[in-house]
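Here's the structure, in C-alpha cells; my notes come after.
Sequence lines set the chain letters: A, B, ... in the order given, protein chains first and strands last, and positions in each chain run from 1. In what follows, every heavy atom counts, from backbone to side chain, and hydrogens, waters and symmetry copies are set aside.
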Protein chains: 2
Amino acid sequence: MTTQRGRNDKRSGKGLGKANPAEDEAVYQAILHALLEGKLKAGAKLAEPPLAEIFGVSRERIRKVLHRLGAERRLEMIPNRGARVPRPTLDDVRSVYEAHRVLEAGVLTQLVRHVDDALIERLNTHLAEERAAATRGDRAASVRLSGAFHVHLVEALGNAELSRFLADLLSRSSVMVSVYEPATDSICAVDEHGAIVEALRARDVARAIAVSREHFLHVESRLHLDDDAAPASEDLTAVFAARRPKRRKAR
Amino acid sequence: MTTQRGRNDKRSGKGLGKANPAEDEAVYQAILHALLEGKLKAGAKLAEPPLAEIFGVSRERIRKVLHRLGAERRLEMIPNRGARVPRPTLDDVRSVYEAHRVLEAGVLTQLVRHVDDALIERLNTHLAEERAAATRGDRAASVRLSGAFHVHLVEALGNAELSRFLADLLSRSSVMVSVYEPATDSICAVDEHGAIVEALRARDVARAIAVSREHFLHVESRLHLDDDAAPASEDLTAVFAARRPKRRKAR
DNA sequence: CCTCCAAAAAATGTGCACATTTGCTGCGCC
DNA sequence: GGCGCAGCAAATGTGCACATTTTTTGGAGG
C-alpha cells in the first residue's frame, strides 16, 4: 500500500533543512518583547499564518515559538483554537504580587544570615542609581531599576532556582502592567528600598520583612483596572513592523 | 524556484490528522513517571526513533513531548544531539533544597497571619496519616505523605504561583533522589513536621522558621553520592514495558 | 429583525519525506 | 600499533501536504 510517492519535488535545497536556531530565537524574542512591552492587546489572538508572513518564516517555526510561550504561561494556548494574549484578572495580578512578597520574605530571612559589607555596599550603589533616575525623572530607568533591586536581593543568595522564580514573577507582572497600570509614575519608592537595605545592614529580619511587606502592599494598593489606558495595537503587522525583510518579490 | 510541487501522494487518510490530545498526554505522563520514579539512568540518552517505536506513535509526537520536558528542565536538550536525562551535581541538589527552605520560610511568615483552627486541624489530620504510615513501615506512603505535608503548607495560602513553584521544586528533587539517595528510610521525620505545626498554632514565626530550617538542613545533610545504588535500567524498552500496544501488523 | 443552520473559508494539528548534522567504523598512513 | 580521516549509518530538524477542527458567511425560516 504505502504508495511509493514519486519523489515529488525538491527545490534546490535552498533553505530547507537548514538548521538555523538563531531564527527561532529571533522570533521568540520579538514576540516576547512585544508581550513585555505591552504592545499586544490583552485578549488578542495570535494566529500562525499572519505571523509566519510577517516574520518571513514557515508556519511551523511560528507554531513552535507559540507553544513554547504557552508552556511558559506567557500565552494562553487553547487546543485547536490557537494562542491568545492572556487577560489576567485583578486576582491574578494580586496573586503574582503576593507570591513576590512571600518569596522576598523568605529571601530576606536567609539573607540576614549572609549579609556582609560588600553586599550592603552593592545595594547602596544600586540605590544611588535609583535615586539618580528618579531625580532626573527618567521613568523608564526608574521602572527598570526598581525591578532590578529585587533581583539584586535574590541574586545575593546565589541560588539559581530562586532567581528563576523571581524572574518568572517579574516578567509576568510586567505584562500585567499594561492592563492594570500602577497609577502614575509612582513606582517602587526608593525610600522603601532604602529602608530594606537599612534593616538588612542592622541584621533585623523582622523589620526587613515588615518593610518589604509594606512596600508590596503599597504597590498592590495602587493597582486598578485601567480599561482604556492601553492603546496596544490591534493588528500584528504594526506591532512587529520591520522585524523581518518579509521577502516580497520586489527587491 | 518556487517548485511547483506535484501533489505527490495522499495515502488513504487513515489516521492522519487525527486529533488525539490524550495520546500526547499519555506519552508525556509515561516518560515523566519514569523520570520521577528514577527508572531512567542519570545520563541516559532518550532518542526519538526507539521511543516512537515503543509507544507506537509518530516520531513528531515523541519529539514534541521531549522538547516540552526540556522546556520544563526535566530533560537536558542539546541542539542536534537529542535529549538526555540530566545528571545533577551535588550542588544542584543543594540548590533545590535551599530554594525549598527559603520558600517555606516565606510561606510560614505569611501563614502565621492566617492560621485558624481549621488549618491546624487539617495539618494534624495529615500528621496522623504520616505517623500511621511510618508505624506500619509503609515507605512509599511515607515518602509521598512527607512531600504532601509541605504541599499542604503552601496550598494553605491559596496562591497558585507559589504552589506551582513548590511543585516544581518537589518534582525536581524527587528525580535527584535516584542519584543522591537520602540515606536509608529516614525521610522527613514526622516529629519535625509536628513541631512546625505546633509553632504555627502558637503563632510563633521565628520558631516555625527555625524548625523548618533545621528540618531541611537535616535532610540536606543526609545527601550523599550513591553511585552504584541506582539500578536504573539502561534500555528503554524495559523501562517503558507494556505501555502501548506497539501496533504490529499482527493485530 | 433576529435566530438557526448549512456550507465555505480559514486556522490548527500531524505524518511524512527529505536535508543536515552527528556519531561511528574501518582503512590507510606515519 | 596508534592516529587521523574518509565514508557510512543513524538521529535530529524542517517544510509541506494534507486531515480535522473552528470560525465565518449566507441564506432560509420564524
Between [N] ([atom2]) and [X] ([atom1]): distance, integer Å:
{"X": "F55(A)", "N": "dG15(D)", "atom1": "CZ", "atom2": "P", "answer": "15 Å"}
{"X": "E60(A)", "N": "dC16(C)", "atom1": "CD", "atom2": "P", "answer": "15 Å"}
{"X": "D24(A)", "N": "dG13(D)", "atom1": "CG", "atom2": "C1'", "answer": "10 Å"}

Exercise. Cationic tip of R61(B) within the cone over F55(B)'s six-membered ring, i.e. under 6.0 Å and within 45° of the normal?
Worked result: no

Identify the heavy atoms of [X] and [Y] that sit nearest to each other, and give their distance.
{"X": "P88(A)", "Y": "V93(A)", "answer": "CB-CG2, 4.5 Å"}
{"X": "L66(A)", "Y": "A83(A)", "answer": "CG-CB, 3.9 Å"}
{"X": "N159(A)", "Y": "A99(B)", "answer": "ND2-N, 3.6 Å"}

Under-3.5 Å N/O pairs linking protein and nucleotides 8-12 of chain D:
residue: dT12(D); atom: OP2; partner: E48(B); partner atom: N; Å: 3.2

Exercise. Strictly under 6.0 Å, is that where the ring centroids of F165(A) and H100(A) end up?
Worked result: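 That pair fails the under 6.0 Å test.
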
Exercise. Within the structure, does a side-chain N or O atom of K64(B) lie under 4.0 Å from either OP1 or OP2 of dT14(C)?
Worked result: yes

For this session: Return the set of residues passing ring pair (Phe, Tyr, Trp, His ring centres under 6.0 Å) with H67(A) (not counting sequence neighbours), or none when no residue passes.
Result: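 For H67(A) there are no ring pair (Phe, Tyr, Trp, His ring centres under 6.0 Å) partners, ignoring immediate neighbours.
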
